[in-house]
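Below: the structure, in structure tokens.
Throughout, protein chains are lettered first and strands after them, A, B, ... in sequence-line order, and every chain is numbered starting at 1. Only a predicted model underlies this, so the values are computations on that prediction, with no experimental measurement involved.
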2 protein chains.
Amino acid sequence: MPLSAAAIVEAAHRLLLDYGLQDVSMRRLAGELDVRPGALYYHVPSKQQLLADVAHRILAPLADPPGTVGVEELMRRFRATVLPIRDGADLMLIAFGLNPGLPPVPALRRGLERLGLASDQAHERAQIVMHFALGAVAAEQNAALLHPTPETPDRETTGPEATGPEATGPETTGGAALYDEGLRLLMPTAD
Amino acid sequence: MPLSAAAIVEAAHRLLLDYGLQDVSMRRLAGELDVRPGALYYHVPSKQQLLADVAHRILAPLADPPGTVGVEELMRRFRATVLPIRDGADLMLIAFGLNPGLPPVPALRRGLERLGLASDQAHERAQIVMHFALGAVAAEQNAALLHPTPETPDRETTGPEATGPEATGPETTGGAALYDEGLRLLMPTAD
DNA sequence: ACCTGAACACCGTTCAAGT
DNA sequence: ACCTGAACACCGTTCAAGT
């Protein structure tokens, strides 16, 4: 088969999961697909759009949570999805810049309305929650990359139930606890 | 004079303010300073460390706010400082990864303690607030860059009182109002 | 001590030309 | 229609050698 946008997105996704965002280059991608770099541009308009498509694929499971999952659980899943990807939050920041209505957002809005917020309020609150989530995961990933704790587990061979680090922080609260607390503060209350 | 770390940081700072993070390359910096790229590495260990030093310079005014400025005002100043710099939030994300105690953070902690939080609580809350601020400014900048609103003012020739965009959002609340609301939700209350 | 020259191993993107 | 070849204009970093 001749190569296609879908095949390129899939290869980029694999490269991202296996090596991280830094290693997803158009040239490396071309190598992986056994074509010259220029060939990719017949199928995708730019690296940026390609990355946005990859992000969409990754976040698709958060589009319509099965049953009625709570807002906090939804956002915990967002963190769990993005955290294991190297520079995953940077990718999501790019993707949300291109398309602010990406997957967790509509479900987040609906969930906030279910909690009593009017449509406008829910829209606003959803953005605030997303901003916090993106900042928190980005900070957590950068901290881990830049001064890494000894014994990074390096997921691989771990089953699908692998959730994340939770290495006992040096003087800070663990990333998950901090994140949960932030979510809690941003949840609607009678105020 | 022979070139120095300080001179390199200053040139990088100028390049950042004038052209944005994308144009701060070691090679371009070298050109600006009339040396070959390798010369820079005699004075700075890496681009990453250089950028962290530049970030420190930029955030220095937020280290000890004159008088006793409120927490919300402090964080508004953080936004106002970072927003006019192209990809400023990306830079700050790098910088805070390297050094989580950068300028607004200690003042933020002190301010939160003044509002009644115990030391541990203030530390935790400060991180949460910083995560939100970083995410919010990063999202705002990416949105502006990726699908720019017509008539970007393009600061320059504008006086020192230039504060920022505030273009009437299409369907969303303006960036400043959204940011302020996020801050408000994260401020300590009796709960 | 401080810097150059030159290399190593890369980037994203374009586009005439081939099949 | 789909891809190659080749270029354009770049990257960060290292390091022997010069002064």
Side-chain angles (χ1 to χ4, degrees), chain A residues 1-16 18-55 85-88 90-91 93-95 97-98 142 145-148, chain B residues 1-16 18-55 85-88 90-91 93-95 97-98 142 145-148:
Chain A
M1 62 264 116
L3 186 63
S4 65
I8 295 171
V9 171
E10 196 196 321
H13 189 171
R14 212 166 39 234
L15 222 40
L16 179 72
D18 290 347
Y19 303 100
L21 189 57
Q22 325 244 29
D23 289 56
V24 183
S25 72
M26 298 305 271
R27 301 182 102 100
R28 177 142 182 200
L29 207 42
E32 216 80 20
L33 292 163
D34 271 303
V35 292
R36 276 353 93 196
L40 302 176
Y41 286 88
Y42 188 81
H43 301 279
V44 302
S46 68
K47 184 182 179 182
Q48 194 148 97
Q49 188 54 58
L50 172 59
L51 289 180
D53 291 349
V54 171
I85 300 169
R86 281 229 200 187
D87 293 309
D90 292 352
L91 171 67
L93 245 2
I94 294 170
L98 246 333
N142 282 8
L145 251 74
L146 267 38
H147 35 81
Chain B
M1 62 264 112
L3 187 63
S4 65
I8 295 171
V9 171
E10 196 195 320
H13 189 170
R14 212 166 39 232
L15 222 41
L16 180 71
D18 290 347
Y19 304 100
L21 189 58
Q22 326 244 27
D23 288 57
V24 183
S25 73
M26 297 305 272
R27 300 183 103 100
R28 177 140 182 201
L29 208 40
E32 217 79 20
L33 292 163
D34 270 305
V35 292
R36 273 357 92 196
L40 301 176
Y41 286 87
Y42 188 81
H43 301 279
V44 302
S46 68
K47 184 181 179 181
Q48 194 147 98
Q49 187 55 56
L50 171 60
L51 290 179
D53 291 348
V54 172
I85 302 168
R86 280 230 201 187
D87 293 310
D90 292 353
L91 171 68
L93 246 1
I94 293 171
L98 246 332
N142 282 9
L145 251 74
L146 267 38
H147 35 81

Under the criterion side chain to side chain contact (heavy atoms under 4.5 Å, CB included), I'd like the reasoning laid out for A:D23 against A:D18: C-alpha separation, chi angles, the key distance, then a yes or no.
CA-CA 9 Å; A:D23 289 56; A:D18 290 347; over 6 Å; no
If you only use heavy atoms from C-beta on, which nucleotide in [options] is closest to the side chain of [X]?
X     : options               : result
A:A39 : D:dC11, C:dC11, D:dT4 : D:dT4
B:S46 : C:dT4, D:dT13, D:dC11 : D:dT13
A:P37 : D:dT4, C:dT13, C:dC11 : C:dT13

Does B:E32 form a side chain to side chain contact (heavy atoms under 4.5 Å, CB included) with B:L15? I'd like the steps, not just the answer.
CA-CA 9 Å; B:E32 217 79 20; B:L15 222 41; 3.8 Å; yes
[X] has an atom [atom1]; how far is it from atom [atom2] of [N], in whole Å?
X     : N      : atom1 : atom2 : answer
A:L40 : D:dA1  : CG    : C1'   : 16 Å
B:Q49 : D:dG12 : CD    : C1'   : 16 Å
B:R27 : C:dA6  : CZ    : P     : 14 Å
B:L33 : C:dT4  : CG    : P     : 11 Å
B:H43 : C:dT4  : NE2   : P     : 9 Å
B:L29 : D:dT13 : CG    : P     : 12 Å
A:M26 : D:dC8  : CE    : P     : 21 Å
A:R36 : C:dT14 : CZ    : P     : 19 Å

Calculate, to the nearest 0.5 Å, the distance between atoms CG and NE2 belonging to B:L51 and B:H13 respectively.
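Answer rounded to 0.5 Å: 12.0 Å.
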Is B:Y41 close enough to D:dT13 that one of its side-chain N or O atoms is under 4.0 Å from OP1 or OP2 there?
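Yes.
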Ignoring backbone atoms, test whether B:Y42 places a side-chain nitrogen or oxygen under 4.0 Å from the OP1 or OP2 oxygen of C:dC2.
yes
Could you tell me which nucleotide pairs with C:dA1 by Watson-Crick or G-U wobble geometry, both distances under 3.5 Å, or answer none if nothing does?
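D:dT19 is the nucleotide pairing with C:dA1.
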State the pairing partner of C:dT13; accept Watson-Crick or G-U wobble contacts with both distances under 3.5 Å, and report none otherwise.
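Its partner is D:dA7.
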Taking the side chain as C-beta and beyond, is there a heavy-atom pair between B:L40 and B:L33 under 4.5 Å?
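In contact.
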Face-on cation placement of A:R14 at A:Y19 ring, 6.0 Å and 45° thresholds
no
If each of B:Q48 and A:S4 is mapped to the nucleotide of DNA chain D with the nearest heavy atom, which maps nearer the 5' terminus, i.e. the 5' end?
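With B:Q48 and A:S4 compared, the 5'-side residue is A:S4.
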Expressed in whole Å, how much space separates the P atoms belonging to C:dC10 and D:dC8?
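Approximately 22 Å lies between the P atom of C:dC10 and that of D:dC8.
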